[in-house]
Amino acid sequence: MNVENKAEEQKSLNFLEEIVEADLASGKYKSIVTRFPPEPNGYLHIGHASSICLNFGLTQQYGGYTNLRFDDTNPVTEDTEYVESIKQDIQWLGFEWKNEFYASDYFDQLFDFAIKLISEGLAYVDDSTSEEIAAQKGTPTQPGHRNQFAERSVAENLELFAAMRDGKYKDGEKVLRAKIDMTSPNMIMRDPILYRIKHAHHHRTGDKWNIYPMYDFAHGQSDSIEHITHSVCTMEFVPHREVYNWLIEKLDIYPSRQYEFARRNLSHTVMSKRKLLQLVNEKYVSGWDDPRMPTISGLRRRGFTPESIRDFTDRIGVGKRDNIVELGLLEFCAREHLNKIALRRMVVFDPLKVVLTNYEGAGELLSSENNPEDPNGGNREITFSKELYIEREDFMEEPPKKYFRLAPGKQVRLKSAYIIQCDEVVRDEAGNVIQLNCSYFPNSKSGEDTSGIHVKGTLHWVNAKDCIAVQVNEYDRLFTVENPSDEEGAFTDYINKDSLKIVDKALAEPALKAALVTDRFQFLRKGYFTLDPDSTATHLIFNRTVTLKDSWAKAGAK
RNA sequence: UGACCCAUGGUGUAACGGUAGCACUACUGAUUUUGGUUCAGUCAGUUAAGGUUCGAAUCCUUAUGGGUCAACCA
């Protein structure tokens, strides 16, 4: 690629950046304000990460700020627990909001807006049941029609609405509706409900309110109150934009503008809160932060770094068409970052004992690099002695042609140690291989090898004398199909039965005793791992973030 | 049967009337004390048909395909 192309590539903007640049260039705004508006009724997932990176990224890039605003207009489903997790996740991703707001902060103001609408004959109290309202609404192909309640006087509406607020009616008895157009081809415009009665306890306003605004009468107004310049949401809200603009115009308030992008979908998982909640409730996973969940907290526990998630959202970009991003890209982003930062350690998952028959002495100290990609990463000391363990799958009695590992009579290097040769296979009564008697080449020591022996394979290993037993959780994709929601039957029919394999007693080099939850490791030739927060000093648990690329396994599968 | 949104390699995304590019994936090969990394390379795309134009992925029309909308959810 030449320099010119590079410059061009750098200039290429997504459609939202183009809108913002145009608005800035025309002088429409001097700086911009965006918001991230989660409803506190569930945990954030990787799809939200896109929205977060987009909203915060836009203001970082172009100047201005981003508010965190909780869209807490439905007290029945919302809870403080979710508020806290959402805040933690955003911070962990590396973003700072300017203000922490709640739609419920604006309930008084929203009430006044409603009064204004009623006073101008643009809203009315409707006594119909929800079934009646649905019936009168028509269908996508047939226009709806108004009922007699739409004819109520301003005075009567004012009185009724105040009575709603004061708790004079039961849930569902009355609603406040905007008087727009029952024949609009846009169903959302057919006199949408603005307020409903809910005698429910709100996580912030307590029992102050008996009525709560609907999304359409809260979201846009909150945007406006905060002077949000660019209100970015997903495509499902396109039809709502007409109401959004109608209300801003009729209320004569700050004209925030709504722009929509297509929500990002990830293959081999589900993203809807309903389905994620089901996975948790029906115990398919251990919780919202189960390392197999696509939630931010799940990804964190799995060992993904904020950097890798931001990189991922960057690479997938934004668009307006339906999409399913391959899980492989997320994994690539994880490896990309982890390769640079992860400390290399050796862990044997399925041990096979190796005895070095010609090794004299108690043992010795060797040195191995913490990270070959990081020149400042330093080294660690590892102990070496006569008895070691290697991976059982690194030995084959009758190896295929391109097998570079250990086999009778064959030689391999032990990483950062010596070259060994397999001389004898020891079996138990049942004929199982239980030990390999090998000889080592004293002059093949790592870094000062004068043996002249050339080996194709290098194995990881641990010292029998001081290795420690740890638990390893090998995680894999949660579903066996790309899009579980798209298949016949229940999405849970497609759960991957092998999404978690637990290795009870893997043998790890002692350096891992010092592992912290924030550490990232590469277990040599195995993959990237991180310490699970459920670990104790005597029982370490490591979660596999992602495997290493394995071209040998791939070749074997063919 | 209505309205709206969308359509570029397997996937995601650029090209803003003028050479279809980038990344991931897949596949070759080189390097390698991780079958990792790194490096070099290969395969692979404008939904279709008309129209406008010297020139169309881009503008227009129609068709086709996908999605959204009939919650007192957001």
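For the numbers below, each heavy atom of this structure counts, side chains included, while hydrogens, waters and symmetry mates do not. A note on names: the letters A, B, ... follow the listed sequences, proteins ahead of strands, and every chain is numbered from 1.
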Engineer: Can you tell me which residue pairs pass the ring pair (Phe, Tyr, Trp, His ring centres under 6.0 Å) test with a partner in residues 176-203 of chain A, sequence neighbours excluded?
Structural biologist: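 Pairs touching residues 176-203 of chain A that pass the test: A/Phe107-A/His202, A/Phe161-A/Tyr195, A/Tyr195-A/Phe217, A/His202-A/Tyr212.
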
Engineer: What integer number of Å spans the C1' atoms of B/rC43 and B/rU28?
Structural biologist: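 Between the two C1' atoms, the distance is 10 Å.
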
Engineer: What integer number of Å spans the C1' atoms of B/rG65 and B/rU31?
Structural biologist: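 It comes out at 47 Å once rounded to the nearest Å.
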
Engineer: Hey, does A/His219 reach any base, or is it just sugar-phosphate, or nothing, if we go heavy atoms under 4.0 Å?
Structural biologist: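 Nothing: the residue A/His219, judged by heavy atoms under 4.0 Å, touches no strand.
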
Engineer: Is A/Arg264 near enough to B/rU13 that one of its side-chain N or O atoms lies under 4.0 angstrom from OP1 or OP2?
Structural biologist: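 Yes, within the criterion.
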
Engineer: Got more than 12 heavy atoms from elsewhere within 6.0 Å of CD, A/Glu236?
Structural biologist: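 Count over threshold, so yes.
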
Engineer: Describe the nucleic acid contact of A/Tyr195 in one word from base, sugar-phosphate, nothing, applying a heavy-atom distance below 4.0 Å.
Structural biologist: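 Nothing: the residue A/Tyr195, judged by heavy atoms under 4.0 Å, touches no strand.
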
Engineer: For RNA chain B, which residues of residues 165-172 of chain A approach it to below 4.0 angstrom with any heavy atom?
Structural biologist: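 Listed by number, they are A/Gly172.
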
Engineer: With rounding to the closest Å, how many angstrom separate the C1' atoms on B/rG66 and B/rC27?
Structural biologist: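 Pairwise C1' distance, B/rG66 against B/rC27, rounds to 31 Å.
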
Engineer: Heavy atoms only, 4.0 Å cut-off, all strands: where does A/Ser128 land among base, sugar-phosphate and nothing?
Structural biologist: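 Contact class for A/Ser128: base.
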
Engineer: With C1' as the reference atom in both, quote the distance from B/rU32 to B/rA40 in angstrom, rounded to an integer.
Structural biologist: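 Comparing C1' positions in B/rU32 and B/rA40 gives a spacing of 15 Å.
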
Engineer: Distance between the C1' atoms of B/rA14 and B/rU46, in whole angstroms?
Structural biologist: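 Those two atoms are separated by 13 Å.
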
Engineer: How would you summarise protein contacts on nucleotides 30-46 of chain B per nucleotide, using B for base, S for sugar-phosphate only and - for none, with heavy-atom distances below 4.0 Å?
Structural biologist: ---BBBBS---------

Engineer: Contact class for A/Val175 (heavy atom, under 4.0 Å): base, sugar-phosphate, or nothing?
Structural biologist: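 Since a base atom lies under 4.0 Å of A/Val175, the category is base.
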
Engineer: Does A/Glu364 have any salt bridge (Lys or Arg N to Asp or Glu O under 4.0 Å) partners at least two apart in sequence or in another chain, and if so, which?
Structural biologist: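 Once residues adjacent in sequence are excluded, the partners of A/Glu364 under the salt bridge (Lys or Arg N to Asp or Glu O under 4.0 Å) criterion are A/Lys445.
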
Engineer: Using a 6.0 Å distance limit plus a 45 degree cone around the ring axis, check whether A/Arg345 lies over the aromatic ring of A/Phe521.
Structural biologist: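 No; the conditions do not both hold, so A/Arg345 does not lie above the ring face of A/Phe521.
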
Engineer: Looking at A/Arg196, does any N or O in its side chain come under 4.0 Å of the phosphate oxygens OP1/OP2 on B/rA74?
Structural biologist: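 The answer is yes; a side-chain N or O of A/Arg196 sits under 4.0 Å from OP1 or OP2.
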
Engineer: Ignoring hydrogens and angles, answer whether the base of B/rG10 and the side-chain atoms of A/Glu326 contain a donor-acceptor pair closer than 3.5 Å.
Structural biologist: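 For A/Glu326, whose side chain was compared with the base of B/rG10, there is a donor-acceptor pair (under 3.5 Å).
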
Engineer: Should the ring pair A/Phe523 and A/Phe529 be called parallel, tilted or perpendicular, given that the plane angle runs from 0 to 90° and is split at 30 and 60?
Structural biologist: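 Parallel: the ring planes of A/Phe523 and A/Phe529 meet at under 30°.
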
Engineer: Quick one: side-chain hydrogen bond (donor to acceptor under 3.5 Å, both in side chains) partners of A/Glu326, sequence neighbours excluded?
Structural biologist: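 By the side-chain hydrogen bond (donor to acceptor under 3.5 Å, both in side chains) rule, A/Glu326 matches no residue at all.
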
Engineer: Going from CZ on A/Arg525 to CD on A/Glu393, what distance comes out if it is rounded to the nearest 0.5 angstrom?
Structural biologist: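 Taking CZ in A/Arg525 and CD in A/Glu393, the distance rounds to 7.5 Å.
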
Engineer: For nucleotides 2-5 of chain B, tabulate all protein N/O to nucleotide N/O atom pairs closer than 3.5 Å, reporting atom names and distance.
Structural biologist:
from  : atom 1 : to       : atom 2 : distance (Å)
B/rG2 : N3     : A/Pro140 : O      : 2.8

